[in-house]
Protein chains: 2
Amino acid sequence: MDTTSKLTAAAERLFDRHGYVATGMDRLTAAAGMSSRTLYKHAGSKAQLMARVLTERDQRFMARLEVQSVDALFAALEDWVRVEGTRGCLFLRSRAETGGDTPEIAEAVAAHKASFHRRIAEVVVADLGRENSVLTEQVLVLLEGATHAAVYRGADAVSAARAAAAILIERARP
Amino acid sequence: MDTTSKLTAAAERLFDRHGYVATGMDRLTAAAGMSSRTLYKHAGSKAQLMARVLTERDQRFMARLEVQSVDALFAALEDWVRVEGTRGCLFLRSRAETGGDTPEIAEAVAAHKASFHRRIAEVVVADLGRENSVLTEQVLVLLEGATHAAVYRGADAVSAARAAAAILIERARP
DNA sequence: TGAAATGTAAAATGATCGTTTTACATTGCA
DNA sequence: TGCAATGTAAAACGATCATTTTACATTTCA
């Protein structure tokens, strides 16, 4: 495991568990096992490090959503929360923590949410055989809601969302 | 407007817009128009101030959810985001920012989310004539999802959630 | 009338912030 | 062999953090 990915992995863990602003660079260097000089050579700045964390996380998350049915989207989310835990959406949290005032972070979040919406629209088309923007919005709301409700309601929130989506899909089918 | 409520109002605004950790006490004193000595006499500490902000916000939010139908819950949320804007749930954000390690905050968040769930269950009973824990969970997911999806999708997310809830309610009716 | 309460302004506290720098060791490659 | 790259350890940077303290002004009310 090379220096850069060791750093990104440690940063993701700390930012996700303790928050972006509250995580100091000394904690980061200690967790990544490197000097601050090396950290800054690889990361540039704290904000750039967070942006890289978000971009990598986006790729990892979106890879799991390469499915052909709406139900499989929720199955993928169930897997995700099993592996990553339930702390809400790191993208929205990062942007909220910085008030949207950190460009690198705001851009990474916007890019991720655009991909997320696009993917859901594609899956709805694959599942339903045609576009349906309202259903797409509803599936997005259910996925976002499951992610955040799971923080305090646990995995039940995801399965309830999955069942709700199944009903909406069935009703929309020709 | 007395000192305490002027402070709480200013604190809610800053914490909500710029984040809890990122908001310094000097910014708070400037916005509230008082010295730090007075601020600490009234607030105790930054964490206690945030806890008081959350408790007041909980009362203000829950007062709007004193309705008799699931559809009215979503109408109330539409009103809420029109007035308060769309920055996600301040309760979940506060807890995430502090990693759950600040007891005053964690307790205020837990209390709010318990009330929130309880209220939804009550409204489902009032609307449906009987308990339905799965439907309750689904309505909670839709409300939570609308709140967070609205951050980047706008008010459309709330109306899509409202329509989805109407379908689920109709299907569950005897 | 006078003491208690409530406020302000501003400095000081010690810690921690993100970032840069200085000085030195190890590696890979021409 | 020697230079460029890549690393470490640790100190220093000035700024800012939450909180307390010192010194003083105003209001409230018995």
Side-chain angles (χ1 to χ4, degrees), chain A residues 1-54 93-108, chain B residues 1-54 93-108:
Chain A
M1 203 176 194
D2 67 336
T3 310
T4 294
S5 50
K6 201 169 64 174
L7 170 57
T8 310
E12 179 171 7
R13 185 170 195 285
L14 287 176
F15 287 153
D16 184 40
R17 291 190 134 73
H18 306 288
Y20 168 68
V21 182
T23 300
M25 299 306 276
D26 53 345
R27 246 166 129 183
L28 241 13
T29 55
M34 64 184 59
S35 67
S36 67
R37 197 183 207 277
T38 305
L39 187 151
Y40 275 92
K41 185 158 289 180
H42 284 82
S45 69
K46 191 188 185 184
Q48 283 173 48
L49 177 58
M50 181 46 127
R52 200 140 48 71
V53 163
L54 293 177
R93 284 191 278 141
S94 307
R95 205 183 63 169
E97 271 203 75
T98 55
D101 298 329
T102 309
E104 303 101 312
I105 295 176
E107 284 159 19
Chain B
M1 203 176 193
D2 66 336
T3 311
T4 294
S5 50
K6 201 169 62 174
L7 170 58
T8 310
E12 178 172 8
R13 186 172 193 284
L14 288 176
F15 287 153
D16 184 39
R17 290 191 136 72
H18 306 288
Y20 167 69
V21 182
T23 301
M25 300 306 277
D26 52 346
R27 247 166 129 182
L28 241 14
T29 56
M34 64 184 59
S35 67
S36 66
R37 196 182 207 278
T38 305
L39 187 149
Y40 275 92
K41 185 158 291 183
H42 284 82
S45 69
K46 191 187 184 185
Q48 283 173 46
L49 177 57
M50 181 44 127
R52 199 140 49 74
V53 164
L54 293 177
R93 283 191 279 139
S94 307
R95 206 183 63 168
E97 271 203 76
T98 54
D101 297 331
T102 309
E104 301 100 315
I105 294 176
E107 284 159 21

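Computation of the quantities below employed the complete heavy-atom set of this structure, encompassing side-chain atoms and omitting hydrogens, waters and symmetry-equivalent molecules. All chains are named by letter (A, B, ...) in the order of the sequence lines, taking the proteins before the strands, and each is independently numbered beginning at 1.
- Within the nucleic acid shown, Thr23(A) comes within 4.0 Å of sugar-phosphate atoms alone, with no base atom in reach, counting heavy atoms only.
- Rounding to whole angstrom units, CG of residue Asp2(B) and C1' of dG7(C) are separated by 14 Å.
- As rounded to whole Å, 13 Å separates atom C1' of dT20(D) from atom CG of Leu39(B).
- Not a single donor-acceptor pair, N or O on each side, falls under 3.5 Å between the base of dT16(C) and the side chain of Arg27(A).
- Of the candidate nucleotides dT19(C), dA18(D), dT8(C), dT19(C) has the atom lying nearest to any side-chain atom of Tyr40(A).
- Between the P atom of dT20(D) and the NZ atom of Lys46(B) lies a distance of 14 Å, rounded to the nearest Å.
- Taking atom CE of residue Met25(B) and atom P of nucleotide dA9(C), one finds them 17 Å apart after rounding to whole Å.
- One finds a side-chain N or O of Thr38(B) lying less than 4.0 angstrom from the OP1 or OP2 phosphate oxygen of dT8(C).
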Practice task
Please step through side-chain contact (heavy atoms from CB on, under 4.5 Å) for the pair Thr38(A) and Lys41(A), ending with a clear verdict.
Solution key: CA-CA 5 Å; Thr38(A) 305; Lys41(A) 185 158 289 180; 5.5 Å; no
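- Put simply, the side chain of Ser45(B) and the base of dT19(D) share no donor and acceptor less than 3.5 Å apart.
- Met34(A) has its CE atom 16 Å from the P atom of dT19(C), to the nearest Å.
- In this structure the side chain of Leu54(A) never reaches within 4.5 angstrom of the side chain of Glu104(A), judged on heavy atoms.
- Rounded to whole Å, the distance from CG on Asp26(A) to P on dT8(D) is 16 Å.
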Exercise for the section: Mind running side-chain contact (heavy atoms from CB on, under 4.5 Å) on Phe15(B) and Arg93(B) for me, showing each step along the way? Expected result: CA-CA 10 Å; Phe15(B) 287 153; Arg93(B) 283 191 279 139; over 6 Å; no
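- In this structure, Gln48(B) places its CD atom 15 Å from P of dA18(D), rounding to the nearest Å.
- The closest donor-acceptor contact from the side chain of Lys46(A) to the backbone of Gly24(A) lies at 3.5 Å or more, if one exists at all.
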Exercise for the section: Walk me through it: do Arg52(B) and Thr4(B) pass the test side-chain contact (heavy atoms from CB on, under 4.5 Å)? Expected result: CA-CA 10 Å; Arg52(B) 199 140 49 74; Thr4(B) 294; 3.3 Å; yes
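- One can find a donor-acceptor pair under 3.5 Å joining the base of dT22(D) and the side-chain atoms of Arg37(B).
- Residue Gly33(A) is in sugar-phosphate contact alone, with no base atom involved, counting any heavy-atom pair closer than 4.0 Å across all strands shown.
- With hydrogens and angles ignored, no donor-acceptor pair under 3.5 angstrom links the side chain of Thr3(B) to the base of dT6(C).
- Between Ser36(B) and Ala22(A), the residue anchored nearer the 5' end of DNA chain C, judged by the nucleotide with its closest heavy atom, is Ser36(B).
- Rounding to whole angstrom units, CG of residue Leu7(B) and C1' of dT8(C) are separated by 15 Å.
- For dT6(C), the OP1/OP2 oxygens have no side-chain nitrogen or oxygen of His42(B) closer than 4.0 Å.
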